[in-house]
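Quick notes on the structure that follows.
Quantities reported herein were computed from a predicted structural model and do not represent experimental measurements. Whatever order the structure lists them in is the order used to number ligands and atoms, beginning at 1.
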Amino acid sequence: MTTSDVKWVKTHCARMDHGGCGLLVAVQDNKIVQVKGDPEGFLNKGYICPKGAVSPDRLTHPDRLQHPLRRVGEKGAGKWEQISWPEALGIIADNLKEIRKKHGARAVAFGVGMPKGLDHFFQIRLANIFGSPNVIASQDVCHAPREITGLHTCGFYPVVDFHQPSKLVILWGSNITSTNEEGEICSRLLEQLKTGTELIVIDPRRIDLVKQSKQWLRIRPGTDAALALGFIHVIIKEGLYDREFVEKWTEGFAELAAHIEDYPPEKVEEITWVPAEQIRLAARAYAAAKPAVIHWGNPIEHSIHTFDATRALVCLMAITGNLDVSGGNVEAHDPKIMGLGSFVRADLVPDKRKELISAHYKIIPRLMTVAPAYFRRAVLEGVPYPVRGAYMMCSNPMLAYADSRLTHKALMSLDFLAVADLFMTPTAALADIVLPVASHFECDDIGHYGLGHGYILARPKVVEPPEECWPDKKIITELGKLMTPPELWPEDYHQLLEDLLKPAGLTYAQFVEKGYLKGPDRFRSYMEKGFKTPTGKVELKLSMAEKFSLKPLPTFDGYPEPEDPLFPLLLTSAKSRYYLHSSYRWLGKLRKLRPHPRLDIHPETAAKCGIADKDNIIIETPYGKITQQAHLTDGIDPRVLCGVPGWWFPEGNPETQFDWDKANFNMLTSVGRLGREYGTPNLKGLPCRISKA
Ligand SMILES: Nc1nc2c(c(=O)[nH]1)N[C@H]1C(S)=C(S)[C@@H](COP(=O)(O)OP(=O)(O)OC[C@H]3O[C@@H](n4cnc5c(=O)[nH]c(N)nc54)[C@H](O)[C@@H]3O)O[C@H]1N2
Ligand SMILES: Nc1nc2c(c(=O)[nH]1)N[C@H]1C(S)=C(S)[C@@H](COP(=O)(O)OP(=O)(O)OC[C@H]3O[C@@H](n4cnc5c(=O)[nH]c(N)nc54)[C@H](O)[C@@H]3O)O[C@H]1N2
Ligand code: SF4
Ligand SMILES: [Mo]
């Protein structure tokens, strides 16, 4: 057999995080033989992380799902038979239609995980056309709070502008060199640091970038709202705010100024453990640097107080004049492409806001997905109405949702569950039907659509998928034809990609040639039209507070979890550099780099408990216990531990769902307390205790 020449193809990385790096992929005989960062990559300029570098290994892994499967044994017993695609799709459509007939369309839920590509929006479109308002997502702990709080406060989602220079960057709970959050690839920030941009890090751990920072504020986990209020206090009391902007463009400044009397640095020090003098210095530096930008991370939304934390941060950006200025926190403008509402056919469910499961809980307007806590209540208790079936893709709720035991119960109790994935996971193991998907690299896709960053990325197919692995987009389109009006679906799913690009005057092929599309860099749009809020100003005090039962001003309402002498330490978490949430522990090259779930612990704390480096530790909260491995480091406060979410053991037994409960951080979390606005549970700042295993 002759081998063909190696061909280099340009695409973008995906599904190892939100994606973003431009890649050069070498292909030979339908196999990827090498991957490199593309020096011309719009976001990464040649950078590639360890996950991106091994991403082709997903395709050829021996454990990859290759055929549609039907459960033959008891639910979760790990016994399957191979079936054909028409059979699998028929079974799913029949079961979901049957549930719709019996209980109404809203009794069928459509699960999505972290947005990975266009499949996310295909799935929302399917739910809408099917007639169900219930798309279940982790948005309650991922981006919805910052995005929607932004919309209510200043009329847009203030994203970090790393495309223009800033004088100062605050990493507020963002470990960007590990997580490259939402395509904000760290290489852009690292370049800026070389040219003198200053850095402040707010993190309980000494993350890598602390080395390059001017200040490190070692915050007590779960107290970000208090720290932000402390910053506002200093800036207002010392007169460091942007007077002109505040006068012309904000509403409720006098009320905010009176309100923050309650948050002097000394008091905030007691709450947050950050020394008062450090709070003053950091707040002054942020107010003085023009422009300065806050890159906010997950911790601000991993707490029942996320509404207050995100509100306080947007107020902070506003009063310092850093909102919507070049190099500040900006409104990103999309290129001319099809709008999200049209793409997902939002017109077909005009009453979605009233019909959603979460409407019952009076969540904040504009949150259009259902928080996992409410989904499981609907399944297990029928509140506010029963949910009996689900189609899940790109998601592993057994690991991703707070309180995994509850997830197990809920998924076991569904009348029907179908899951689409690349691999058998603890969630797929509980399904009635499992579908094998084509990965990134194996289908044409568009990245970053709908994420609010003002650009989209071309992710053309570089190799053919194995015969029976289908792209999610194709699966959803075919399911759509079977259980919803077929005329609302194109013959071939590619047509929807073409439709999305039509307003830009581009075909998909032309878009691939360009590589990406970015909207205009436009700043201070408010100068012409005002802010898109009811008052036309940044609402430091929310004008619609009473109407929507929201707090008018941000406050700190105490620790997210009550202190408990039986659980004297505090547990927080950070995502692993080597994995994406629950994914990819089966890839040998990554597993070698991080073979075990690692818990950061201070040597003094370890010594007190007789724990040595690499010992297995039992971690207990009032809600559950798990085991992770001790990693001794003085880069953390002796009162704090930092574990890692997402761990299960793909090498384990499918009949016990791969030890889903052994090291899984969400065995330690609960949905007993939830933030009212977003339905968010506490994932950080949990009282805990430890012992040697
Ligand atoms: N305790 C705790 N809980 C958390 C978090 C935390 O920090 N701490 N983080 C939260 C956050 S921010 C998020 S976004 C969620 C993430 O939660 P999820 O999105 O559910 O988690 P992932 O592991 O990213 O993805 C789940 C599955 O998608 C599969 N997959 C990958 N590519 C594809 C594809 O192309 N098609 C299909 N069908 N499947 C694919 C993977 O194999 C994997 O099994 O978790 C949340 N949960
Ligand atoms: N490698 C990798 N990259 C990813 C992901 C992944 O799973 N792995 N997930 C992707 C997704 S969906 C998301 S949403 C992003 C999230 O990315 P990040 O926002 O960076 O999220 P985390 O890693 O959860 O937390 C970031 C930092 O917060 C610190 N921290 C912990 N508790 C607190 C606290 O109470 N307050 C403050 N201020 N800091 C605290 C942690 O020590 C950590 O360094 O990453 C994306 N990128
Ligand atoms: S940083 Fe993200 S987008 Fe870039 S190579 Fe790594 S996983 Fe891929
Ligand atoms: Mo996320």
Side-chain angles (χ1 to χ4, degrees), residues 14-19 49-51 58 65 111-117 119 123 137-143 171-184 201-209 217-224 227 272 295-303 309 372 392-402 404 419-428 435-440 442-443 445 471-472 475 560 570-584 586 600 636 640 642-646 664-666 668-669 681 683-686:
R15 292 166 173 73
M16 304 301 287
D17 57 24
H18 293 103
C49 84
K51 288 185 276 107
R58 290 173 298 180
L65 292 169
V112 292
M114 177 202 91
K116 292 175 171 70
D119 31 72
Q123 175 90 324
S138 290
Q139 276 198 296
D140 59 325
V141 293
C142 178
H143 296 90
L171 287 181
W172 200 303
S174 168
N175 188 15
I176 190 170
T177 52
S178 280
T179 51
N180 296 291
E181 154 67 18
E182 266 204 3
E184 298 301 349
V201 172
I202 302 177
D203 199 301
R205 288 184 312 140
R206 192 172 56 219
I207 58 171
D208 287 349
L209 278 176
L217 278 56
R218 201 175 65 174
I219 188 171
R220 175 188 162 122
T223 62
D224 293 277
L227 186 62
T272 63
H295 189 39
W296 39 12
N298 261 173
I300 54 149
E301 37 213 10
H302 285 184
S303 147
M392 305 236 171
M393 51 128 229
C394 289
S395 180
N396 191 1
M398 287 281 285
L399 279 294
Y401 298 172
S404 299
V419 173
D421 206 297
L422 291 164
F423 289 84
M424 188 55 78
T425 65
T427 299
L435 301 176
V437 300
S439 165
H440 165 237
E442 295 170 336
C443 62
D445 200 8
D472 293 283
I475 303 174
L570 265 187
L571 178 66
T572 196
S573 71
K575 301 191 207 304
S576 168
R577 175 172 170 72
Y578 302 106
Y579 303 110
L580 170 64
H581 300 293
S582 69
S583 311
Y584 309 129
W586 51 85
D600 286 356
I636 193 163
V640 177
C642 184
V644 59
N664 170 2
F665 195 95
N666 279 326
L668 304 176
T669 55
L683 303 181
K684 305 242 187 318
L686 306 164

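- Looking only at distances, no side-chain donor or acceptor of Ser439 sits under 3.5 Å from a matching main-chain atom of Glu442.
- In this structure, the side chains of Met393 and Ile475 stay at 4.5 Å or more apart for every pair of heavy atoms.
- Atoms of ligand 2 found under 4.0 Å from any heavy atom of Ser174 (numbered from 1 in listed order, with element): 20 (O).
- Near Ser178, meaning under 4.0 Å from one of its heavy atoms, ligand 2 places the atoms 1 (N), 2 (C), 3 (N).
- Each of the atoms 1 (N), 2 (C), 3 (N) of ligand 2 lies under 4.0 Å from some heavy atom of Lys51.
- Below 30°, between 30° and 60°, or above 60°: for His143 and His18 the angle between ring planes is above 60°, a perpendicular geometry.
- When non-hydrogen atoms are compared, ligand 2 lies under 4.0 Å from neither the backbone nor the side chain of Cys49.
- With respect to the salt-bridge test (charged N to carboxylate O, under 4.0 angstrom), the residues Asp208 and Arg577 do not qualify.
- Atoms of ligand 2 lying under 4.0 Å from any heavy atom of Pro221, numbered from 1 in the order shown and given with element: 34 (C), 35 (O).
- At a threshold of 4.5 Å between non-hydrogen side-chain atoms, the residues Asp140 and Pro372 count as touching.
- At least one donor-acceptor pair under 3.5 Å links the side chain of Ser404 to the backbone N or O of Met398.
- Using a distance-only test at 3.5 Å, with no hydrogens or angles considered, no donor-acceptor pair links the side chain of His581 to the main chain of Pro645.
- Considering backbone and side-chain N/O atoms, Arg220 never comes within less than 3.5 Å of an N/O atom of ligand 2.
- Remark: ligand 2 atoms within the under-4.0 Å shell around heavy atoms of Pro204 are 29 (C), 30 (N), 31 (C), 32 (N), 33 (C), 37 (C), 39 (N), 40 (C).
- Each of Lys116, Arg15, Arg58 was scored for a side-chain hydrogen bond (donor to acceptor under 3.5 Å, both in side chains) with His440, with one residue passing: Arg58.
- When non-hydrogen atoms are compared, ligand 2 lies under 4.0 Å from the side chain of Ile219 (C-beta onward) but not from its backbone.
- Qualifying side-chain contact (heavy atoms from CB on, under 4.5 Å) partners for Ala402, counting only residues two or more places apart in sequence or in other chains: Asn666, Thr669, Val671, Pro681, Leu683.
- For ligand 2, the atoms lying closer than 4.0 Å to a non-hydrogen atom of Ser576 are 1 (N), 2 (C), 8 (N).
- When each of Asp472, Leu65, Asp421 is checked for a side-chain contact (heavy atoms from CB on, under 4.5 Å) with Val437, only Asp472 meets the rule.
- Judged by distance alone, the side chain of Thr223 and the main-chain N or O of Arg220 form a donor-acceptor pair under 3.5 Å.
- Residues Leu399 and Pro426 have side chains in contact (heavy-atom distance under 4.5 Å, counting atoms from C-beta outward).
- The shortest side-chain heavy-atom distance between Thr425 and Ser582 does not fall under the 4.5 Å cut-off.
- Listed by atom number, the atoms of ligand 2 under 4.0 Å from Ile207 heavy atoms are 44 (O).
- For ligand 2, the atoms closer than 4.0 angstrom to any heavy atom of Arg577 are 1 (N).
- Taking 4.0 Å as the cut-off, Asn180 does not count as a neighbour of ligand 2 on heavy-atom distance.
- For Gly222, the heavy-atom gap to ligand 2 drops under 4.0 angstrom.
- Checked by distance only, ligand 2 and Glu182 stay at 3.5 Å or farther apart across all their nitrogen or oxygen atoms.
- Contact annotation for Asp224 and ligand 2: only side-chain heavy atoms (C-beta onward) come within less than 4.0 Å of the ligand.
- The contact shell of ligand 1, taken as protein residues with any non-hydrogen atom closer than 4.0 angstrom, comprises Arg15, Gly113, Met114, Lys116, Ser138, Val141, Cys142, Asn298, His302, Met393, Cys394, Ser395, Asn396, Ala400, Ala420, Asp421, Leu422, Thr425, Val437, Asp472, Lys575, Leu580, His581, Ser582, Ser583, Tyr584, Trp586, Pro645, Phe665, Asn666, Leu683.
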